[in-house]
Peer 1: 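Could you have a look at this structure, given as structure tokens, before my questions?
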Amino acid sequence: MIIVMKKNATVEQIQAVENKLLELGFMTHPIHGEIKTVIGAVGDKRLLQTQSILIMPGVENLVPIMKPYKLVSREFKQEDTVVDVDGVLVGGSEVTIIAGPCAVENQGHFYQTAKYVKESGAKILRGGAFKPRTSPYAFQGLEEDGLKMLDQARQITGLKIITEAVDPRDVELISRYADIIQVGARNMQNFKLLQEIGLSMKPVLLKRGLSATIEEWLMAAEYIVAEGNQNIILCERGIRTFETATRNTLDISAVPIAKEFSHLPVIVDPSHSSGSWKYVNPLSKAAVAAGADGLIIEVHADPDKALCDGPQSLNPENFFNLIKELRIVAQAVGKRL
Ligand code: PEP
Ligand code: MN
């Protein structure tokens, strides 16, 4: 539920309402807007006599949230959330490009790719250091050595960096290096991981699970925000369907729907959606046209030699051309790239 405070409510009145809610066992999340403050309250409604809140000084209204997810819902917050990644914005009027290889493999390829993607206009560099693979025998990532290479690439290029956490025990280590922590599709409902990331205040990229509904995806985001971390970017990365021509099926309608149901920014991963570099260009354009706030694209200096996801990685030239073409699409939908 949301408690809407009056325009002229004092700091003390707002605090008194929060204290009352805390006493009743609710978690409170105040949002101080330019005109009014609203307090999000999550907890057991049966413990609350709504009248006891409504009569408190400074309270204007009490609005229940009908959706099962609360703090991430559009009902809770009408304005779009813009996630600030240490100065790089995701959301609002920006189309933010995240690019880089699937995994950090070695210094040579990685720094080269980092320079290429920076020159083409990406703002954030991706690279997995902890790589959960479908097969336990496939390359599993360089772990902390990979994080050090990400850090080095950030220093060389000025790009922000994103990398995936797969184990709650690694969150503290990863947050020392990364600007954004990624939660992969297979971990979307790893609730311990979500809670641990919710306790760190780092921006989070939450990928949609392979077979998750939009509602389940938003409930996963709710786990993170319930611990206090509101810096969440949603990522549609393709879902399992009967179609086998692509690795997954990009659910393009998830973009406007997630943005309608939630105030969080939504980006698209055309690489894992399609599994083939050939389709990354048209799917990226479709995503931006549908209102995506950004893209996360796999790019490799030499895709034929990639240890992971080479067939879906763009080479630097194709990536450069894609960004050039995407600027026109972004402009057509009133956004900046
Ligand atoms: C990735 O981005 O490297 C990745 C593993 O993606 P997903 O979790 O979407 O499969
Ligand atoms: Mn990959």
Side-chain angles (χ1 to χ4, degrees), residues 96-105 109-110 113 117 122 124-136 138-143 146-147 149-150 161-167 170 174 178-190 193-194 197 203-212 214 216-217 220-221 224 232-241 246-252 254-255 258 266-277 279-280 283-284 287 292 294-315 319:
T96 308
I97 306 295
I98 305 173
C102 183
V104 182
E105 299 167 359
H109 275 155
F110 191 57
T113 309
V117 301
I124 302 168
L125 177 67
R126 62 154 291 148
F130 295 85
K131 284 306 303 174
R133 305 294 299 283
T134 303
S135 163
F139 173 61
Q140 300 287 316
L142 299 177
E143 303 192 348
L147 296 177
M149 286 182 209
L150 280 157
I161 59 173
I162 175 169
T163 197
E164 181 171 348
V166 294
D167 187 321
D170 296 329
I174 292 169
D179 297 302
I180 308 178
I181 304 175
Q182 178 172 325
V183 178
R186 288 157 196 79
N187 271 311
M188 189 205 82
Q189 285 184 318
N190 181 339
L193 181 66
L194 300 176
I197 289 174
V204 190
L205 182 82
L206 178 63
K207 288 198 156 191
R208 179 178 179 187
L210 279 73
S211 305
I214 294 172
E216 286 161 345
W217 185 23
I224 298 171
I232 304 168
I233 304 160
L234 298 168
C235 178
E236 159 61 37
R237 49 76 73 205
I239 50 173
R240 277 276 160 91
T241 68
T246 46
R247 184 174 177 183
N248 294 286
T249 299
L250 174 60
D251 180 8
I252 198 78
V255 176
V266 180
I267 73 163
V268 165
D269 176 344
S271 310
H272 292 88
S273 295
S274 63
S276 168
W277 69 270
Y279 308 125
V280 168
L283 295 186
S284 299
L295 296 161
I296 178 166
I297 302 173
E298 286 188 339
V299 179
H300 195 284
D302 188 353
D304 289 343
K305 298 215 173 75
L307 293 181
C308 175
D309 287 350
Q312 68 192 32
S313 299
L314 291 182
N315 64 28
F319 179 66

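Each ligand, and each atom within it, is numbered from 1 in the order the structure gives.
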Peer 1: Measuring only between side-chain heavy atoms, which start at C-beta, is Pro101 closer than 4.5 Å to His109?
Peer 2: no
Peer 1: Please state which option from Lys207, Glu236, Arg237, Arg247 has its nearest heavy atom closest to atom 6 (O) of ligand 1.
Peer 2: Lys207
Peer 1: I need the minimum non-hydrogen distance between Cys235 and Ile296, along with the two atoms involved.
Peer 2: SG-CG2, 3.8 Å
Peer 1: When only distance counts, is Glu164 in polar contact with ligand 1, meaning an N/O pair under 3.5 Å?
Peer 2: no
Peer 1: Identify the two heavy atoms, one from Ile224 and one from Leu194, that lie closest to each other, and give their separation to 0.1 Å.
Peer 2: CG1-O, 3.7 Å
Peer 1: For Lys131, take its heavy atoms, then give the atoms of ligand 1 lying under 4.0 Å from any of them.
Peer 2: 1 (C), 3 (O), 5 (C)
Peer 1: Do you know the tightest heavy-atom contact between Arg208 and Ala254?
Peer 2: NH1-CB, 3.5 Å
Peer 1: Quick check: Gly184 and ligand 1, any N/O pair under 3.5 Å apart?
Peer 2: no
Peer 1: Among Leu210, Asp251, Val268, Leu205, which one satisfies side chain to side chain contact (heavy atoms under 4.5 Å, CB included) with Arg237?
Peer 2: Leu210
Peer 1: Do the side-chain N and O atoms of His272 and Asp309 include a donor-acceptor pair separated by under 3.5 angstrom?
Peer 2: yes
Peer 1: Among the heavy atoms of Gln182, does any lie under 4.0 Å from an atom of ligand 1?
Peer 2: yes
Peer 1: Looking at Asp309, which of its N, O or S atoms is the nearest one to the Mn ion (ligand 2)?
Peer 2: OD2
Peer 1: To check your reading of the model: name the closest protein heavy atom to atom 8 (O) of ligand 1, its residue, and the distance in Å.
Peer 2: Ala185 N, 2.8 Å
Peer 1: Consider side chain to side chain contact (heavy atoms under 4.5 Å, CB included). Of Ile233, Leu150, Ile98, which one does Ile162 pass it with?
Peer 2: Ile98
Peer 1: Within 2.8 Å of the Mn ion (ligand 2), is there any N, O or S atom belonging to Cys102?
Peer 2: yes
Peer 1: Could you check whether any side-chain N or O of Thr113 sits under 3.5 Å from a backbone N or O of Ala301, counting only pairs where one atom can act as donor and the other as acceptor?
Peer 2: yes
Peer 1: For Glu298, what is the atom name of its N, O or S atom nearest to the Mn ion (ligand 2)?
Peer 2: OE2
Peer 1: Can an N or O of Asp269 be found at a distance shorter than 3.5 Å from an N or O of ligand 1?
Peer 2: no
Peer 1: Just which atoms of ligand 1 are under 4.0 Å from any heavy atom in Arg186?
Peer 2: 7 (P), 8 (O), 10 (O)
Peer 1: For atom 4 (C) of ligand 1, what is the closest protein heavy atom, and at what distance to 0.1 Å?
Peer 2: His272 NE2, 3.5 Å
